Amino acid sequence: MRPVSPFRPLPPSFYRRPAEAVARGLLGRYLVRDLEGERLVLRLVETEAYLGGPDRASHAWDGRRTPRNESLYLAGGYAYVYFIYGMHFCLNAVTGEAGIGSAVLLRAGEPVEGEEQMVANRAWKRSPRPGDLAGGPGKLCQALRIDRAFDGTLLDRGPLRITAGDPVPEEAVAAGPRIGVDYAGEAAAWPLRFAVRGNRHVSKPWPVAP
DNA sequence: CGGAAGATCCACT
DNA sequence: GTGGATCTTCCGA
């Protein structure tokens, strides 16, 4: 059997499943960004699932629907990009069928290609700490220069896409509560954050290694 | 129409 | 560990 190219895009059918399954399945995949004739590649190492209506931490909680989150209600396979804290963007992959509002937040990746350009994109007052190019959802978008222009675009084509990459086996996936959702009541504790076990590029230290 | 909060990051103590 | 930056979005009045 011929091996699948790591740069072959994942089809929309990959995303039309429950967010939790997609969040696990996205670990190890490549997030590919064509920018100014260069190809930037991050290997995804941390994701979070947001379940939509029943999930108080979700932008689609209780069916909330506004111009900002409209693309969250598209079918699985589209990007949902939002602006937060007056200065950061966050990238999600929409999951499930249209109208659900479930998605996976891409929280962290490790550089595979185009590291130099990512460092330049990340420059704040000083240079980013070495090895911390995309350890967080805001940083990830900075490194790849992702903004609202990608909101509602398909992730299997175009200058921003997710490809087959280098999937990780189930036993190498750690799960725990999501970050920054303390306001979400009971949902804050749901173990919907996933990461490659032991990976250095994960945004926040893993609570407990079971 | 005003206020408050936010799926974050950085700098400093 | 704490606080500030920074501004869009949203909800309640």
Side-chain angles (χ1 to χ4, degrees), chain A residues 15 18-20 22-24 26-27 31 42 44-74 76 78-96 100-111 118-152 155 174-195 200-207:
Chain A
Y15 302 93
E20 181 175 344
V22 177
R24 290 174 174 276
L26 280 176
L27 294 176
L31 179 61
L42 285 175
L44 297 172
V45 299
E46 183 184 356
T47 59
E48 281 178 356
Y50 288 82
L51 306 186
D55 180 1
R56 189 154 191 176
S58 168
H59 290 173
W61 173 59
D62 201 27
R64 286 190 148 82
R65 191 162 187 155
T66 66
R68 174 214 203 191
N69 70 6
E70 189 61 28
S71 59
L72 184 48
Y73 290 92
L74 294 168
Y78 286 87
Y80 167 49
V81 181
Y82 64 87
F83 185 61
I84 191 72
Y85 293 117
M87 60 186 90
H88 299 296
F89 295 97
C90 292
L91 170 65
N92 294 251
V94 177
T95 64
I100 305 284
S102 67
V104 173
L105 172 67
L106 307 184
R107 282 196 60 91
E110 63 180 320
M118 291 187 217
V119 171
N121 291 340
R122 282 266 295 121
W124 205 254
K125 281 184 182 176
R126 307 180 192 180
S127 301
R129 293 211 322 279
D132 186 25
L133 267 55
K139 300 179 197 174
L140 181 149
C141 285
Q142 271 180 40
L144 300 186
R145 247 192 263 173
I146 294 165
D147 60 22
R148 281 281 281 181
F150 289 102
D151 186 53
L155 289 169
R178 293 170 292 182
I179 301 291
V181 297
D182 295 343
Y183 59 86
E186 190 176 296
W190 296 349
L192 294 177
R193 177 190 182 212
F194 305 97
R200 298 195 320 279
H201 300 271
V202 169
S203 67
K204 290 195 163 61
W206 209 252

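Note that this is a predicted model, so its numbers are computed, not measured. Chain naming here is simple, since letters A, B, ... match the order of the sequence lines and numbering starts at 1 in each.
- One interatomic measurement links the two molecules: CD1 of A:I146 to P of B:dA7, which rounds to 18 Å at whole-angstrom precision.
- Across all strands shown, C:dT6 remains unpaired; no Watson-Crick or G-U wobble contact has both distances below 3.5 Å.
- With its ring centre under 5.5 Å from that of the base six-membered ring and a plane angle below 30°, A:Y50 counts as stacked on B:dA7.
- Atom pair A:R178:CZ and B:dT8:P shows a separation of 11 Å (rounding to whole Å applied).
- Relative to the side chain of A:M87, the nucleotides C:dC11, C:dA5, B:dT8 differ in distance, and C:dA5 lies closest.
- Between A:D132 atom CG and B:dC10 atom P there is a gap of 7 Å when expressed in whole angstrom units.
- Straight-line distance from the CG atom of A:D62 to the C1' atom of C:dG12: 16 Å, rounded to whole Å.
- The A:Y85 side chain lies nearest to B:dG6 when the options are B:dC9, B:dG6, B:dC10.
- Put simply, A:R68 has no side-chain N or O that comes within less than 4.0 Å of OP1 or OP2 on B:dG6.
- Distance from the side chain of A:F83 is smallest to C:dT8 among C:dT8, C:dA5, B:dA7.
- One atom, CG of A:N92, and another, P of B:dT8, lie 11 Å apart when rounded to the nearest Å.
- For A:R64, a side-chain nitrogen or oxygen approaches OP1 or OP2 of C:dC11 to under 4.0 Å.
- Applying the 4.0 Å criterion to OP1 and OP2 of B:dA7, one finds that A:Y183 has a side-chain N or O inside that range.
- In terms of heavy-atom proximity, A:E46 sits nearest to A:K204 at OE1-N, 4.4 Å.
- A:N92 contributes no side-chain N or O that, together with a main-chain N or O of A:V94, makes up a donor-acceptor pair within less than 3.5 Å.
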Do A:T95 and A:S102 pass the side chain to side chain contact (heavy atoms under 4.5 Å, CB included) test, and can you show the C-alpha distance, the side-chain angles, and the key distance before you say yes or no? CA-CA 5 Å; A:T95 64; A:S102 67; 2.7 Å; yes

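- At whole-Å resolution of the value, CZ in A:R65 and P in C:dC11 are 14 Å apart.
- A:R107 places no side-chain N or O within 3.5 Å of a backbone atom of A:A195 that could act as its donor or acceptor partner.
- With a 3.5 Å ceiling on both atom-pair distances, B:dA7 lacks any Watson-Crick or G-U wobble partner.
- In this structure, the side chain of A:N69 engages the main chain of A:H59 through a donor-acceptor pair within 3.5 Å.
- For A:H88 and C:dG4, the NE2 to C1' distance is 12 Å, given to the nearest whole Å.
- In this structure, CZ of A:R193 is placed 14 Å from C1' of B:dT8, rounded to the nearest angstrom.
- Sequence order on DNA chain C of the closest nucleotides to A:N69 and A:I84 puts A:I84 first from the 5' end.
- Phosphate proximity of B:dT8 to A:R107: present, with a side-chain N or O under 4.0 Å from OP1 or OP2.
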